[in-house]
Amino acid sequence: MRALTLNPIKHLSIITVIRHNGFLKFNFLCTSISTSSAEPLEPIKSKATNQIALGLSFGLRKCTNLWSVKQAHAKAIACGIQHDTHLSTKIAILYVSFHKVDAANSVFESIPNPCSYLWNYMIRGYATEGQFGRSLGLYNEMMQKGLRPDKFAFPFVLKSCAGLSNLELGKLVHQHSVCCGCSNDRFVNVALVDMYAKCGEVETARLVFDKMAVRDLVSWTSMISGYGHNGYNSETLEFFDLMRDSGVKANRVSLLSVLLACGSLGALRKGEWFHNYVIQTGFQCDVLVVTALMDMYAKCGSLDLARSLFDEAAGKDVVCWSAMIACYGLHGNGRKAVDLFNEMVKTGVRPNHVTFTSVLSACSHSGLLEDGKRYFKLMEEVFGIAPKLNHFSCMVDLLGRAGRLYEAKTLIENMPVKPDAIIWGSLLGACRIYRNLDLAERVADIIFQLDHFQSGYHVLLSNIYAAKSRWNKAEMVRNMMARRGANKIQGFSLIEFDNTVHKFGVGDRSHPQSDRIYSKLEELAAKMKRLGYVPSTDFVLHDIEEEGKEEALSYHSERLAIAFGLINTSPGTPIRVTKNLRICGDCHNAIKFIVKIEKRLIIVRDMHRFHHFEDGACSCRDYW
DNA sequence: GTAGGGTTAG
């Protein structure tokens with residue numbers, strides 16, 4: 001071991017210089033005590049070590065880059081002063097702020113008794129990096145050591161509970177935060193609102209919000225996004241108005257939430273209003289806001305507007321590109337999605353797993369079998385992204401729709417992730433399209449072992465039997481579904497008119513204009529019949545989430561919403577309807593007749609994609 | 001020293 005040749009006195013003088021001249025001299029100190037030799041240095045055994053620690057700490061005060069932190073850390077080890085609490089704490093905190101939480105943790109673990117300030121910082125670091133389990137582990141360890149977390153720790157502990165959707169733990173942490181006297185802290189309360197909302201307890205989130213003494217922009221925004229997160233889209237918009245009424249001015253984050261809600265509701269007019277608001281408030285150059293605007297326009301049916309926003313956006317990142325690719329997929333334009341993906345890669349933006357989900361889904365919806373297979377291969381081989389359940393789902397869907405049923409089955413059986421009922425359900429859907437009863441029965445067996453209580457799979461299997469005229473079997477599956485008390489999702493359709501979103505259920509008569517709506521449908525039915533429309537009695541055309549056969553097909557929610565739109569808008573105006581389930585085959589056929597009769601463009605967004613009906617045809621070319 | 005946020009399958 002080679003002794004450090006620097007004279008302690010010289011060190012002291014350097015430290016004095018650092019104190020007076022700041023960071024530049026800190027680098028000098030690092031260099032002075034470094035050695036070109038690979039041999040470890042013998043720790044300095046003199047009073048100067050404390051001074052060196054002080055000097056490094058002092059130098060780190062103005063530290064703005066990771067390199068300096070690493071240098072200081074290395075020097076601390078070289079001088080044997082890595083156990084200096086003050087210096088190590090500083091180094092660990094800096095590592096956290098440079099997102100090097102594991103490096104911070106190694107320093108943290110070397111400190112015999114870290115202060116609560118550092119504990120908090122470590123909990124924060126892991127929570128911020130998405131390592132929620134480790135963040136909670138530290139919180140637990142902190143309590144076991146008898147240390148009391150404070151108002152700086154709880155927001156991040158709660159963030160970790162939210163990240164893991166662990167409501168039970170979240171409730172315990174809530175109680176603990178009250179015990180620790182943090183119930184009035186606004187940061188803790190915002191984190192509570194966020195935690196409850198992300199764990200699906202939006203009403204509890206609201207209770208916390210209502211009790212808050214100070215409601216600033218962030219607390220309002222947490223509640224707004226909390227509503228959105230739980231699918232309470234109308235409430236999201238209402239709450240935004242309430243916030244503004246209370247005198248709090250919106251910022252980009254709150255705008256992101258409302259734009260998302262407009263997209264989910266298909267509320268184009270409202271979305272346009274917010275677009276205008278974005279321009280007035282000067283957020284139109286913010287790439288996050290532009291991405292949300294694109295998403296909103298595309299989900300409201302205006303793909304062209306989404307594209308022009310995309311073209312004008314400055315500083316497009318991978319999320320922005322992926323969003324535009326997803327927009328094309330949603331509208332059934334797989335070719336453009338694929339082209340845009342290639343353009344993105346050429347531009348030098350690296351795709352992520354979401355980009356691939358969007359590309360594969362776009363290929364699947366457009367029937368681009370070979371492209372889909374190629375990109376699936378590419379993602380791992382060229383971009384090093386291991387496929388996840390999302391990607392396998394897209395591939396099973398792609399192969400299944402293209403009739404490659406056994407290829408899809410082999411893929412499920414050999415994938416490295418555990419298949420769920422839904423991915424098998426996708427294959428069952430393909431069996432329905434290609435009327436493969438033999439495979440359907442085997443697949444259904446697997447599904448029912450995994451998930452007994454979804455009506456969709458029972459309906460699907462029953463429809464396959466019906467399509468093969470196996471009526472007894474079809475009836476048996478329906479009875480089995482009734483015995484098992486399988487859940488059924490209620491279908492509904494939304495249409496925006498006069499700045500309000502109108503909601504219709506199947507056979508719904510609760511709307512004030514109900515009589516006029518039903519008369520309109522009767523009038524249409526007569527005209528459709530003359531043009532050759534025959535209501536479909538073929539179960540096979542019905543979807544996995546079909547509304548029950550007991551309901552008259554002509555009163556499916558999308559038809560009620562369309563009739564409402566026809567009555568209330570002037571001729572020639574496009575009609576936009578959003579449906580929570582997949583559009584059924586009979587409605588799909590009927591709308592083709594309706595657009596011909598009414599000479600309108602009707603855009604229906606179902607749970608998977610858009611259908612643009614115009615001049616007797618649909619943009620999906622009946623492939624959906 | 002602290003909070004809220006844009007894209008994604010079936």
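It should be emphasised that the depicted structure is a prediction, and the values quoted were computed from it without experimental measurement. Residue numbering restarts at 1 for every chain, and letters A, B, ... go by the order of the sequence lines.
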Need one value for [X]: base, sugar-phosphate or nothing, where a base atom within 4.0 Å counts as base even if backbone is also close, heavy atoms only.
X         : answer
Ala326(A) : sugar-phosphate
Val287(A) : base
Lys159(A) : sugar-phosphate
His229(A) : nothing
Asn251(A) : base
Leu260(A) : sugar-phosphate
Ser222(A) : sugar-phosphate
Phe156(A) : sugar-phosphate

Which whole-number value in Å describes the distance from [X] [atom1] to [N] [atom2]?
X         : N      : atom1 : atom2 : result
Arg350(A) : dT7(B) : CZ    : P     : 22 Å
Leu309(A) : dT7(B) : CG    : P     : 15 Å
Phe376(A) : dT8(B) : CZ    : P     : 20 Å
Leu192(A) : dT2(B) : CG    : C1'   : 14 Å
Arg252(A) : dG5(B) : CZ    : C1'   : 7 Å
Phe240(A) : dG4(B) : CZ    : P     : 19 Å
Lys249(A) : dG4(B) : NZ    : P     : 22 Å
Asn184(A) : dT2(B) : CG    : P     : 20 Å

Between [N] and [X], is there an OP1 or OP2 to side-chain N/O distance shorter than 4.0 Å?
X         : N       : value
Lys299(A) : dT8(B)  : yes
His365(A) : dG10(B) : yes
His391(A) : dA9(B)  : no
Lys198(A) : dA3(B)  : no

Nearest listed nucleotide, side chain of [X], among [options]:
X         : options                 : result
Ser426(A) : dT7(B), dG10(B), dA3(B) : dG10(B)
Val354(A) : dG1(B), dT7(B), dG10(B) : dT7(B)
Asn352(A) : dG4(B), dT7(B), dT2(B)  : dT7(B)
Ser393(A) : dA3(B), dG4(B), dA9(B)  : dA9(B)

Is any N or O donor-acceptor pair between the side chain of [X] and the base of [N] shorter than 3.5 Å?
X         : N       : value
Thr291(A) : dG6(B)  : yes
Asp286(A) : dG6(B)  : no
Thr221(A) : dG4(B)  : yes
Ser358(A) : dT8(B)  : no
Ser361(A) : dA9(B)  : no
Asp420(A) : dG10(B) : yes

Between [Y] and [X], do the side chains contain a donor N or O and an acceptor N or O under 3.5 Å apart?
X         : Y         : answer
Tyr297(A) : Arg307(A) : no
Asn390(A) : Ser393(A) : no
Arg335(A) : Tyr328(A) : no

Determine, for Arg374(A) against Asp371(A), whether the closest basic-nitrogen to carboxylate-oxygen distance falls under 4.0 angstrom.
yes
Assert yes or no for the condition that the ring centre distance of Phe356(A) to Phe383(A) is strictly below 6.0 Å.
yes
Please confirm whether Lys316(A) makes a cation-pi placement over Phe310(A), using NZ or CZ under 6.0 Å from the six-membered ring centre and within 45° of the ring normal.
yes
Check: Asp420(A) side chain, Ile423(A) main-chain N or O, donor-acceptor pair, under 3.5 Å
yes
With the stacking rule set at 5.5 Å and 30°, tell me whether Phe152(A) counts as stacking on dG1(B).
yes
